[in-house]
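Throughout, residue positions are numbered sequentially from 1 according to the sequence presented.
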Amino acid sequence: MALPVTQERSASGPAPEEPASAPAAGRGARALAKVRAGLPRTGLAVLLGLLLGAAFPPYDLWPLSIVAVAGLSLLTRGRTARQGAWTGFAFGLPFFVLLLKWLTVIGTDAMIGLSVVEALFVAALGAGLAVTSRLPGWPLWTACLWVTQEWARDRLPLGGFPWGRLAFANTATPFTPLAALGGAPLVTFAVALCGALLAWAALRLRGPLRSPRAAALAALGAVAAVLAGYAVPVPTAADDTLKVAIIQGNVPNPGMDFLGRPMQVLNNHAEATEKLAADIAAGRRERPDVVIWPENASDLDPFSDPLAYRRIDQAVKAVGVPTLIGTLVDGPDSQHVQNEGIVWDPKTGPGASYTKQHPVPFGEYVPFRAELSKIITRLDRVARDFWPGTSTGVMQLGPARIGDVICFEVAYDEIVRDTVNQGARVLVVQTNNATYALSGQPDQQLAMSRLRAVEHGRAVLIAATSGISGVIAPDGSVVTRTDELTAAEIAATVPLRDGRTVADRLGAVPEWTLAVAGLLACGAAAGAGLRRRRAGRPGDGTPAGDDALNPVVP
């Protein structure tokens, strides 16, 4: 009698453990299949991210910025937000790794960590591109979302990190004059719009709504976006001129320990200034109106170290003209230091000064120091946090009213713009890139300075301890520049200008307008999707499978 009972149980269904194992195995197989199906799209995203990195200095293949935008637009077209986010991350991570490879001097972990953080913003961009690709006029929303993504990265986290903006790959291209109208955000918008229109044209060349005429119109729109900059006047007429000498004293040891023994960097700049003074006295050189030293030209605080004070004063008295000195000075307490540019007069000594407003997190100050220092002992190298300044770098240097910005601050729109709006007639970028010599970082910073010249209609004077120092005309052209890791001195006569560009007058209005438009487009797309789901209707032609290049009806 027992046997029929056993048989009945067997016939009634599978063994108890089978219902758990079979669905689990099925889910695993489906997940693996999805991963395999998505690999081509992920691989293309990685390749496009590397292409975008090659658009930036030191490679300067700027047309690749358009190609990269077009490619990402195609890869995210018609996808879900989750798919778009992954594609954006796969695009953004290799891009930032290539762009920020100079950070390996600090540590490979630092470079990868920052690249991951920045790539998360591109992941959000990818999600936004996916959901807005279902809206009419999606190339416009694509361009707005690129501005939105950069707007967020410029501010978050810890004050933001603006490296890698599309505008900074297009500082000597047909797009560049647009900076005089709407700053870097408008340049980014135009580049992204051009790429998105090319993607739209590619989609119109195939698929059920194939339309060569529509594709041609989209391509013409892309060409118009490229050429629009030529219609923008870039003001360059001088209201006055200034004779400058820029001193690049060089450093003994590029890298993390560039300073060498105490006062060595200071002596390099003082001796170069005294050599200039000797040439002037001998009639070999014309006396400049002003002399400019770079950031950290004095490695000791002249206000607390009498020897450093005397050395600077001796060099400035020798050349006989007001000199802008870059140095670190003690902060308001023993735990802080200030990164300053100081106007040093040959008769009256130190006067007006500018304190860097935007210290670099983990490089110039350590957020959450008490907690993180227990885990990352390398942070102890930042012995004192930099104290941020609260005013702009507008100062009177001899006959010129200058706008001083220090190092990475040139990447932040508002810091540079505020100096011009408060009366700066020429821009000065004091920088110390000795840690990143020959890594491509000085080239990237030079490119940013070129965009700022056009954006504000001002000559830009770059003073670097070890290069690249240079003079940039108001039209963005490089008048002269130095090589890296060499002692050098630049003499030039540069224009002083009083007029303000449209970008100066509009300020952040173009950026906020475009960024908010991108967010509103995402909201509209999300709302439309919710209404479709409530109505029980299917999506709208999302491509079958994982072929991201399979066109969706535009």
Side-chain angles (χ1 to χ4, degrees), residues 34-56 59 61-101 103 111-133 138-139 141-154 156 161-170 188-189 191-200 202-203 444 518 522 543 546-550 552:
K34 287 183 178 180
V35 170
R36 288 175 176 171
L39 284 178
R41 186 173 76 248
T42 300
L44 284 172
V46 169
L47 175 61
L48 288 167
L50 293 173
L51 291 180
L52 181 57
F56 288 78
Y59 314 104
L61 302 175
W62 67 267
L64 293 180
S65 61
I66 302 173
V67 174
V69 171
L72 185 61
S73 299
L74 291 172
L75 290 180
T76 54
R77 170 78 173 143
R79 296 290 158 183
T80 65
R82 182 181 298 179
Q83 289 172 327
W86 170 251
T87 302
F89 185 80
F91 174 93
L93 183 59
F95 162 55
F96 282 109
V97 166
L98 180 59
L99 182 75
L100 304 178
K101 62 184 178 62
L103 263 178
M111 182 271 291
I112 293 176
L114 181 57
S115 297
V116 169
V117 170
E118 297 301 303
L120 291 175
F121 289 92
V122 186
L125 168 66
L129 295 180
V131 299
T132 57
S133 67
W138 62 266
W141 313 128
T142 293
C144 289
L145 281 171
W146 274 93
V147 178
T148 306
Q149 173 261 145
E150 293 183 358
W151 172 88
R153 280 201 307 108
D154 291 356
L156 300 170
F161 186 70
W163 245 255
R165 301 166 75 177
L166 292 179
F168 293 156
N170 289 271
T188 286
F189 175 82
V191 174
L193 181 62
C194 179
L197 286 171
L198 289 178
W200 195 86
L203 290 169
Q444 292 172 7
C522 286
D546 244 49
D547 179 9
L549 298 181
N550 185 25
V552 183

Heavy atoms of Leu198 and Ala70 approach each other most closely as CB-CB, 4.4 Å
ring-ring contact (aromatic ring centres under 6.0 Å, His included) against Phe89, all qualifying residues, sequence neighbours excluded: none
For the atom pair CG (Leu120) and CD (Gln149), what is the distance rounded to the nearest 0.5 Å? 11.5 Å
After noting the C-alpha distance and the side-chain angles of Val117 and Phe96, does the key distance pass the side-chain contact (heavy atoms from CB on, under 4.5 Å) rule? CA-CA 10 Å; Val117 170; Phe96 282 109; over 6 Å; no
Which heavy atom in Ala55 sits nearest to a heavy atom in Ser65, and how many Å separate them? CB-N, 3.6 Å
Between CD1 on residue Ile66 and CG on residue Leu193, distance to nearest 0.5 Å: 10.5 Å
Scan residues 112-125 for pairs that pass salt bridge (Lys or Arg N to Asp or Glu O under 4.0 Å), counting only residues two or more places apart or in two chains. Glu118-Arg153
Measure across Val69 and Gly195 and return the closest heavy-atom pair with its distance rounded to 0.1 Å. CG1-CA, 4.0 Å
Using every non-hydrogen atom in the two residues, find where Gly164 and Leu99 come nearest and quote the distance to one decimal. CA-CD2, 3.4 Å
Would you name the heavy atoms of Leu100 and Ser115 that are closest together and state the gap between them? CD1-OG, 4.2 Å
CZ (Phe189) and CG (Leu145) are apart, to the nearest 0.5 Å, by 11.0 Å
Distance, nearest 0.5 Å, that separates CG of Leu114 from CZ of Phe161: 5.0 Å
Would you give the length of the straight line joining atom CG of Leu74 to atom CH2 of Trp200, rounded to the nearest 0.5 angstrom? 13.0 Å
Thr132 side chain near Trp138 side chain, heavy-atom distance below 4.5 Å: no
Determine the minimum heavy-atom distance between Ala119 and Gly92, stating which atoms define it. CB-C, 3.8 Å
For a 4.5 angstrom cut-off between non-hydrogen side-chain atoms, does Leu72 reach Trp146? yes
With a 4.5 Å cut-off on side-chain heavy atoms, are Trp62 and Val191 touching? no
Aromatic ring proximity Phe56/Phe95, centre distance under 6.0 Å: yes
Here the gap from Leu125 atom CG to Thr76 atom OG1, rounded to the nearest 0.5 Å, amounts to 7.5 Å
Please say which of Leu52, Val46, Leu51 ends up in a side-chain contact (heavy atoms from CB on, under 4.5 Å) with Leu48. Leu51
Donor-acceptor pair, Thr188 side chain versus Ala167 backbone, under 3.5 Å? yes
In sequence, state the C-alpha distance, the side-chain angles, and the governing distance for Leu98 and Tyr59, and then conclude on side-chain contact (heavy atoms from CB on, under 4.5 Å). CA-CA 11 Å; Leu98 180 59; Tyr59 314 104; 3.6 Å; yes
Side chain to side chain donor-acceptor pair (under 3.5 Å): which pairs involve residues 84-93, sequence neighbours left out? Arg41-Thr87, Thr42-Trp86
